[in-house]
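It should be emphasised that the depicted structure is a prediction, and the values quoted were computed from it without experimental measurement. These numbers come from the heavy atoms of this one structure, side chains and all, not from hydrogens, waters or symmetry mates.
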Amino acid sequence: MSQSKGYEFNFDEFDTGPLGDIIAKIKGLRGLLDEEFSKYEYWWGQENVGDDFADQVGPQMRLERQQITETLDALTSGFLHLVGAVDAEAGSARTAQSDALDNIHQASGAAADGAKR
């Protein structure tokens, strides 16, 4: 197996069915995460006005949000690339199997033609 094999993948092919549902949900996670974060934004108070708690918690919360977002993006990207890689490998296997079946049919057709003569 090649370590640096690049995969081109068209996720639109999977708009329907279970895989399409999974891909749609995964792509929607980031928006859901942002929506949920915005509900609780600045619960810690107003920063830079003498509120020591807000001054300490605010930067920590922004860092945590950034780390969660980056992790979610990395997991999403990894999953989608895995789906693409599996699809590409399956496509190669399907092509090889299809070629083999075509060769068998051609060979059996040629043998049948030779027997008729």
Item checked: Side-chain donor or acceptor of S108 paired with backbone N/O of H105 under 3.5 Å -> yes
Next item on the list: With rounding to the nearest 0.5 Å, note down the distance linking CG in D99 to CD in Q106.
Entry: 9.5 Å
Next item on the list: Taking all non-hydrogen atoms of both residues into account, name the closest pair between A54 and G45 and its distance.
Entry: CB-C, 3.7 Å
Next item on the list: Could you tell me the separation between the CG atom of L32 and the NZ atom of K25, rounded to the nearest 0.5 Å?
Entry: 12.0 Å
Checklist line | Separation of L63 CG from Q60 CD (nearest 0.5 Å) | finding: 8.5 Å
Notebook entry, point to check: Going hydrophobic residue to hydrophobic residue with side-chain gaps under 4.5 angstrom, can you get from V83 over to I22?
Noted result: yes
Margin query: Distance check, rounded to the nearest 0.5 Å: E64 atom CD versus T69 atom OG1?
Written below: 10.0 Å
Checklist line | Partners meeting side-chain contact (heavy atoms from CB on, under 4.5 Å) with Y42 (sequence neighbours left out) | finding: W44, E47, R62
Notebook entry, point to check: With hydrophobic residues grouped by side-chain heavy-atom distances under 4.5 Å, do F53 and V49 end up in a single group?
Noted result: no
Notebook entry, point to check: F37 versus M61: any side-chain heavy-atom pair under 4.5 Å?
Noted result: no
Checklist line | Nearest atoms (heavy-atom pairs only) where D55 meets N48 | finding: OD1-N, 2.6 Å
Next item on the list: Go through the steps to decide whether R65 and D34 satisfy the test salt bridge (charged side-chain N to carboxylate O under 4.0 Å, His left out), and finish with yes or no.
Entry: CA-CA 9 Å; R65 179 180 181 166; D34 289 339; 3.7 Å; yes
Item checked: Neighbour count above 12 (heavy atom, 6.0 Å) for Q56 CD -> no
Notebook entry, point to check: How many angstroms lie between atom CG of D73 and atom CD1 of I68, to the nearest 0.5 angstrom?
Noted result: 12.0 Å
